[in-house]
Amino acid sequence: MSEYNFTAIEKKWQKFWLENKTFKTPAKSGKPKFYCLDMFPYPSGAGLHVGHPEGYTATDILCRYKRMKGFNVLHPMGWDAFGLPAEQYAVETGTHPAVTTKKNVDRFREQIRSLGFSYDWDREVNTTDPKYYKWTQWIFEQLYKKGLAYVAEVPVNWCPALGTVLANEEVIDGKSERGNHPVIRKPMRQWMLKITEYAERLLADLDTLDWPEGIKEMQRNWIGKSTGALVDFKTTGTDDTITVYTTRCDTLFGATYMVLSPEHALVAKWLAAGVVKNADAVREYQRKAASKSDLERTELNKEKTGVRLEGVEGLNPVNGGNIPIFISDYVLASYGTGAIMAVPAHDERDFDFAKVFNLPIVQVVAPADSEAAKNASPDPVPYSGECAFTDIASGVMVSSGFLTGLSVDDARKAMIAWLEEKGVGKAKTQYKLRDWLFSRQRYWGEPFPVINWEDGTRSLVEEEDLPLTLPELDDYKPTGTGEPPLAKAESWTNVVRADGVRGVRETNTMPQWAGSCWYYLRYIDPANDKAFADPELLKEWLPVDLYVGGAEHAVLHLLYARFWHKVLFDLGFVPTPEPFQRLVNQGMILGLAYKTKRGVLVPMDQIEWRDGKPYGKEDGGEMELLTEFPAKMSKSLKNVVNPDDVIRDYGADSLRLYEMFMGPLQAVKPWSTKGVEGVHRFLRRANKYVTETPLEDRELTKAEAKRLNAMVKKVGEDLESMNFNTAISAMMVYLNEAGATTTREAAEKFTLCLSPFAPHLGEELWQFLGHADTLAYEPWPAYDPKALVEDEIEIPVQVLGKLRGRVKVAAAATPAEMETAAKANAEVAKFLEGKTIVKVIAVPKRMVNFVVK
RNA sequence: GCCAGAGUGGCGUAAUGGCAGCCGCAGCAGACUCAAAAUCUGCCGCACGCGAGUGCGUGAGGGUUCGAGUCCCUCCUCUGGCACCA
């Protein structure tokens, strides 16, 4: 077997693993468990790209290693198969999304199998399978019964030209991604989930997770906890009270105006009651604000706009002063109370607004060592700074009545006490996190198991009647009114109760996140039709020990899944408060792109290669040498690398090895096909080393034993820490040095070390070495620490920190012995001559350094 | 603007505070070959030097240390995320 016939070898072992169910995971065993989860893919029509196998290879290597270390490993794969592309394809061609989905899933499964991953295929799940989404609906019913699901009118992305509601990611710069039509925010009836009720726990429990610090920080920012106070402002001209939320209640003496969001309920009320004198201008401003997308409203460097409400004024509760009220879109309806007190001297946004409208700016906080702080007068001081003063740490209160002289921190506490005593405010914790908009006006998603009755009541579909399956439709086009496509299936939507009361089924469907919120639970007991999973098995396997996937899911998927898990935990259905104990994000794999001097990107198929150098046509028609740089793989640049091609040319083992050899798993790395050739050569040499070098049956020499044991040690340690690139490097170093002689022991240990990385070749070599069974459950080779001990070592000698020579000393040499040996070295002596030795640093087994004068 | 991460040969990268550049790619030279491919061997940070060697060198500038790619401070650049959240 001298040829490395990777195609035949890989087919052979993939068939073997599948037929023998080599990686079937027993539900229970006496072994310690290791639950290793990949983020399951959306099976797109384009098939896998080289980014998918990166994380999957890393987890596969780790799983194979853990099996050899004696763990019972749960390593499943499935499909997140609801979603827009299949539905859009259905709209265009009339093909049922289930048909498209099945085709894509089959393709994905075949591609994934061709990489030799050790998944337990008996646990495959598919979110579009009614047997699966029965339980997605069941979990929704639990949320509903717990009062965490409700219906509300909320603004959504409505595209009048397309007659449909769009997801946030389908809206780019306020226009529809398809067709570039304007999109406006329109209030529509939607299902919401009360994730906000879990905000504090979702925040606090992050501290218990072994996740990348950056991801935890992103979730913290997303949840956005802030502590402040609610303050009530009475109004003149009406009996209403405006409640504002502020984190700076200490600056209440400096509040010189108020701002309501254009959507604030009191604005509408006052307009209706005729209290507002300039109603036309106010209505016009509201109309303009409503037609703006979120992006337009938050655009940077934008001049502040707004309209004063004439006829109503606010009363500052702390000093009774009359202050004007504005509406402006810089105040968001959905945060806090939708109303603010404006303190222009100490808030950038209020400062900008006050400048535009020429409003008074009153200073109430000053730097501790400033004149203003020393000569604290009780009268208001106009603020003359260029921008707002926001230094909370060193600021001191001025011109603020009973707060004057206090630090910002103390002033806050004092003010809250004052507000509570007077009954005009109280402390309040606020979160940026909003409730989760949980419905889509789409066909290809889980139907809500909900019936709205004509008597105004609403009921859930009985548990025993789940799943509520999707009805067949003739066409999947949007209705044009914003009504979901399911409304067209009248025989499905219209139902009659035993007592004759008629009802209509919910026609919204769930978002794609729903199915992916709990799939890791279903893997544990995928065929169970009595429960989403057996509680005993959940106890056995949870939490997931390692979850690997792209950082694009840093916030939404991971936050939603944590939320559902906590709800299930509270209901006693899962035994842990968190689903994913450890999380690792793999870095994106970039492709190569080419550009001209003037920065024009040239797609791969328009490049002319001359003497191995890329040229592209310039504007003038001249051929120009292009510069190469890494860029995201994209259809437009035509630089997408297809794993099928790599497997055909170099084999799955080479692809796996290269993906891991490129660099650290977490890093962003550019793809290089030349690099694949490099690791492919290594596999060929490895094959030759085992199969063509005579296997001697003898003791290893001391040098051989050291080499072998050092490699085994390094590979094992690097696997534990997921440093796959350096583990591969260690095996390359070993093979480079091991040369043309080997023993059975060395060949077997090398094969076992290589096998998690290149499992097909590993199995083939193991069989060549005379073993009848798979190596998947062979014990991981142990290394002998004694073989690594050296008698004599070479250490560097420095003079004034510069390397001047090397000497050999006994490994156990004392500092004094090292110093003597170092001085004896001719090179070193040259630099010591004529100098006084001030100090000698001799670190055993490390180095010697002379400090001289 | 805010938060996080990263800057090391031509390129991907490696280095418990202790010999910077392991391993791989590309390149150069040689062996084998009629020749090419494949394979094997050697060289391969920059400058000066025939050479031995010397000097410089981990984004920039400071600092701590006998000794800094690694630790501290300031700054620059890039990548990702968030962004009027009161």
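No experiment lies behind these values; they were computed from the predicted model shown. Each chain gets a letter, A, B and so on, in the order its sequence line appears, and its residues count up from 1.
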Sugar-phosphate, base or nothing in reach of A:N725, heavy atoms under 4.0 Å: sugar-phosphate
Proximity to the side chain of A:F661 - top-ranked nucleotide from B:G12, B:G18, B:A86: B:G12
Between B:G51 and B:U77 - P atom distance, rounded Å: 42 Å
Separation of the P atoms in B:G45 and B:C78, to the nearest angstrom: 30 Å
Distance in angstrom units between A:E213 CD and B:G81 C1', rounded: 15 Å
Euclidean distance for C1', B:A14 against B:U70 (whole angstrom): 13 Å
Side-chain touch A:K714/A:V733, heavy atoms, less than 4.5 angstrom: no
Donor-acceptor contact present, side-chain A:N709 to main-chain A:Y783, <3.5 Å: no
Salt-bridge criterion met for A:K225 and A:E200 (N-O under 4.0 Å): yes
Closest to the A:T726 side chain, choosing from B:G18, B:C3, B:A14: B:A14
Non-hydrogen side-chain atoms of A:D649 and A:H680 separated by less than 4.5 Å: no
A:N221 side chain near B:A4 phosphate (N/O to OP1/OP2, under 4.0 Å): no
Touch class at under 4.0 angstrom, heavy-atom based, for A:G678 against every strand present: sugar-phosphate
Gap in Å between the two P atoms, one belonging to B:A20 and one to B:G27, rounded: 30 Å
Sugar-phosphate only, base, or nothing, as touched by A:S334 at under 4.0 Å among non-hydrogen atoms: nothing
Minimum-distance nucleotide (side-chain atoms of A:V851 versus B:C84, B:C66, B:A26): B:C66
Nucleotide opposite B:G51 in a Watson-Crick or G-U pair, distances under 3.5 Å: none
A:M732 vs A:M662, nearer the 5' end of RNA chain B by closest nucleotide: A:M662
Reference residue A:Y257; test ring pair (Phe, Tyr, Trp, His ring centres under 6.0 Å); the match among A:F353, A:F351, A:F357: A:F353
Anti versus syn assignment for B:G45, with syn defined as within 90° of 0: anti
Sugar-phosphate only, base, or nothing, as touched by A:R681 at under 4.0 Å among non-hydrogen atoms: sugar-phosphate
Side-chain N,O (A:S729) to OP1/OP2 (B:G24) below 4.0 Å: no
Residue-phosphate contact under 4.0 Å: A:Y335 side-chain N/O, B:A86 OP1/OP2: yes
Complementary nucleotide for B:C43 - Watson-Crick or wobble, under 3.5 Å: B:G27
Atom P, compared across B:G69 and B:U58: separation rounded to whole Å: 7 Å
Rounded interatomic separation in angstrom, taking CD1 from A:I589 and P from B:U13: 12 Å
Most 5' of A:V668 and A:A551 on RNA chain B, judged by nearest nucleotide: A:V668
Touch class at under 4.0 angstrom, heavy-atom based, for A:K802 against every strand present: sugar-phosphate
Sugar-phosphate only, base, or nothing, as touched by A:P664 at under 4.0 Å among non-hydrogen atoms: sugar-phosphate
From B:G12, B:A86, B:U54, nucleotide with atom closest to A:R804 side chain: B:U54
Base B:C11 to side chain A:K674, donor-acceptor N/O within 3.5 Å cut-off: no
Rounded distance in Å - CE (A:M258) to P (B:A86): 17 Å
Check: A:R685 side chain, B:U39 base, donor-acceptor under 3.5 Å: no
Pairing partner (Watson-Crick or G-U wobble, both distances under 3.5 angstrom) of B:C82: B:G1
Sugar-phosphate, base or nothing in reach of A:D350, heavy atoms under 4.0 Å: nothing
Sugar-phosphate, base or nothing in reach of A:E217, heavy atoms under 4.0 Å: sugar-phosphate
Spacing of the P atoms in B:A83 and B:G12 (rounded, Å): 32 Å
A:V851 and A:I837, any side-chain heavy atoms less than 4.5 Å apart: no
Rounded distance (Å) that lies between atom P of B:A4 and atom CG of A:N585: 17 Å
Partner nucleotide of B:U77 by Watson-Crick or wobble geometry (both distances under 3.5 Å): B:A6
Interatomic distance where CG belongs to A:L803 and P belongs to B:G53 [whole Å]: 12 Å
Integer angstrom distance from the C1' of B:G55 to that of B:G59: 22 Å
Test item: A:V807 and A:E794 side chains (from C-beta on) under 4.5 Å apart, heavy atoms: no
P-based separation of B:G18 from B:C3 [nearest Å]: 31 Å
Heavy-atom check, side chain of A:I61 versus side chain of A:R656, under 4.5 Å: yes
A:E737 CD to B:U41 P, straight-line distance once rounded to whole Å: 13 Å
A:K216 atom NZ, neighbour heavy-atom count above 12 within 6.0 Å: yes
Gap between atoms CZ and C1', on A:F831 and B:G55 respectively (whole Å): 11 Å
Touch class at under 4.0 angstrom, heavy-atom based, for A:K432 against every strand present: base
Selection from B:A38, B:C22, B:A4 that lies nearest to any side-chain heavy atom of A:R684: B:A38
Phosphate OP1/OP2 of B:G24 contacted by A:K669 side-chain N/O (<4.0 Å): no
Value in whole Å for how far the P atom of B:G24 lies from OH of A:Y734: 16 Å
Mate of B:G67 where both pairing distances stay under 3.5 Å, Watson-Crick or G-U: none
